[in-house]
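Basis for what follows: all heavy atoms, side chains included, without hydrogens, waters or symmetry-related copies. These numbers were taken from a predicted model, which means no experiment stands behind them.
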Amino acid sequence: MILPGAGVAADAPEGSSRLDRLMRELGEAGPDETPRLVGQVRAEWSKSGSAAIDLLLSRGQDALDAGDTAAAIEHLTAAIDHAPGFAEAYEARATAYYFTGRVGPALDDLRQALVLNPQHFGALKGFAVLLEEMKRPEAAREAWDAVLALVPGDAEAVAAAERLDLMLGGQPL
């Protein structure tokens, strides 16, 4: 399975040298350093370059945290409508769709997030989870491998890869 967005170059966002440095550090980080670096990368990704779009993203994420998926989808859709190149809004809306049981739209948004940002480990994790739920363990394992290539210290990805290896008979893919 080829993951959506693999090999697609995204436009370099402002502050990309900081982001590039953070991604390099993340690729070398152990499990103890990983959560801090993931948070810093996500903070960089959440900067659209527009205060209004950033506010819509923030409101969408707050609504998700509060369990108000309808409001989250509204805010995130507005962000996407006004900034269709903002990968973080697609990834967040995919989460909201997932929580409402709308797997098709969730997959579409994850795919678009990866087209816009092929290094979006959050979107890759979303794909991995959905593939596993769809009883596609080989494809899920490949998606977790893609996460681990970017974030080798991600404890969730390591555990998922080990679990899937056992499920697949212990055979490496």
Side-chain angles (χ1 to χ4, degrees), residues 1-49 54 57-58 60-61 64-65 72 76 85-99 103 106-134 136-168 170-173:
M1 174 188 145
I2 302 284
L3 293 169
V8 177
D11 292 334
E14 282 188 36
S16 63
S17 62
R18 173 173 161 70
L19 186 57
D20 291 343
R21 179 183 55 76
L22 287 170
M23 289 301 293
R24 276 192 307 276
E25 288 178 22
L26 192 56
E28 299 168 0
D32 293 339
E33 304 153 311
T34 294
R36 176 184 58 81
L37 290 166
V38 164
Q40 290 177 350
V41 168
R42 296 299 296 247
E44 290 297 312
W45 285 344
S46 69
K47 298 174 186 174
S48 70
D54 293 352
L57 175 66
S58 178
Q61 291 170 327
L64 259 177
D65 291 343
L76 297 166
F86 189 31
E88 197 68 4
Y90 284 98
E91 192 264 348
R93 189 174 70 173
T95 301
Y97 281 144
Y98 173 78
F99 287 142
V103 174
L107 287 169
D108 288 343
D109 276 1
L110 292 171
R111 185 174 294 113
Q112 187 59 30
L114 287 167
V115 166
L116 295 168
N117 179 359
Q119 294 184 315
H120 202 299
F121 47 79
L124 287 167
K125 287 172 101 172
F127 260 111
V129 168
L130 287 171
L131 288 166
E132 198 168 343
E133 287 182 5
M134 292 185 302
R136 296 187 54 201
E138 294 89 356
R141 181 61 171 89
E142 185 176 336
W144 284 117
D145 279 343
V147 173
L148 290 168
L150 295 167
V151 191
D154 186 304
E156 178 186 9
V158 169
E162 289 172 356
R163 180 183 65 251
L164 286 166
D165 284 345
L166 288 173
M167 180 188 300
L168 295 167
Q171 299 175 14
L173 296 177

Check your understanding: By side chain to side chain contact (heavy atoms under 4.5 Å, CB included), which residues pair with Glu156, not counting sequence neighbours?
Key -> Lys125, Trp144, Asp154
Point to revise | Exam field: side chain Glu44 to backbone Val41, donor-acceptor pair closer than 3.5 Å | key: no
**Study point:** CZ-CD distance between Arg163 and Glu132, expressed to the nearest 0.5 angstrom
**Key:** 4.0 Å
Exercise for review: Take Leu124 and Leu114 through the side-chain contact (heavy atoms from CB on, under 4.5 Å) test and state the conclusion after the steps.
Suggested key: CA-CA 8 Å; Leu124 287 167; Leu114 287 167; 3.8 Å; yes
Review point. Looking at side-chain heavy atoms only, is the closest gap between Arg111 and Tyr90 below 4.5 Å?
Key: no
Revision key, fill the gap. Correct closest heavy-atom pair for Ala143 and Leu131 would be CB-CD1, 4.2 Å
Practice item. To the nearest 0.5 Å, tell me how far Phe127 CZ sits from Met134 CE. Key: 8.0 Å
Review point. Between OG1 of Thr95 and CG of Leu64, what distance do you get to the nearest 0.5 Å?
Key: 6.5 Å
Exercise for review: Flag the pair Lys47 and Glu88 as a salt bridge only when some basic side-chain nitrogen lies within less than 4.0 angstrom of an acidic carboxylate oxygen.
Suggested key: no
Review point. Excluding sequence neighbours, so at least two apart, what forms side chain to side chain contact (heavy atoms under 4.5 Å, CB included) with Ser48?
Key: Ser50, Ile53, Asp54, Phe86
Practice item. Compare every heavy atom of Leu57 with every heavy atom of Ala92, then report the nearest pair and how far apart it is. Key: CB-CD1, 4.2 Å
Point to revise | Working for side-chain contact (heavy atoms from CB on, under 4.5 Å), residues Tyr97 and Asp108 | key: CA-CA 10 Å; Tyr97 281 144; Asp108 288 343; over 6 Å; no
Review point. Considering all heavy atoms of both residues, which atom of Leu150 and which atom of Pro118 are nearest to each other, and what is their separation?
Key: CD1-O, 4.5 Å
Exercise for review: Give the minimum heavy-atom separation between Glu91 and Ala113, together with the two atoms involved.
Suggested key: N-CB, 4.1 Å
**Study point:** Side chain to side chain, Asp109 and Leu76, heavy atoms closer than 4.5 Å
**Key:** no
Check your understanding: What pairs meet the ring-ring contact (aromatic ring centres under 6.0 Å, His included) rule with one or both residues in residues 106-125, with sequence neighbours excluded?
Key -> Trp45-His120, Trp45-Phe121
Point to revise | side-chain contact (heavy atoms from CB on, under 4.5 Å) assessment of Glu162 paired with Leu166 | key: CA-CA 6 Å; Glu162 289 172 356; Leu166 288 173; 5.8 Å; no
Point to revise | Pair Arg24 + Glu28: basic N to acidic O under 4.0 Å | key: no
Check your understanding: What closest approach, in Å, do Ala161 and Leu148 show between heavy atoms, and which atom pair accounts for it?
Key -> CB-CD1, 4.0 Å
Study note, to complete from the structure: Minimal heavy-atom distance between Leu168 and Glu138, with the atoms involved, is CD2-OE2, 3.5 Å
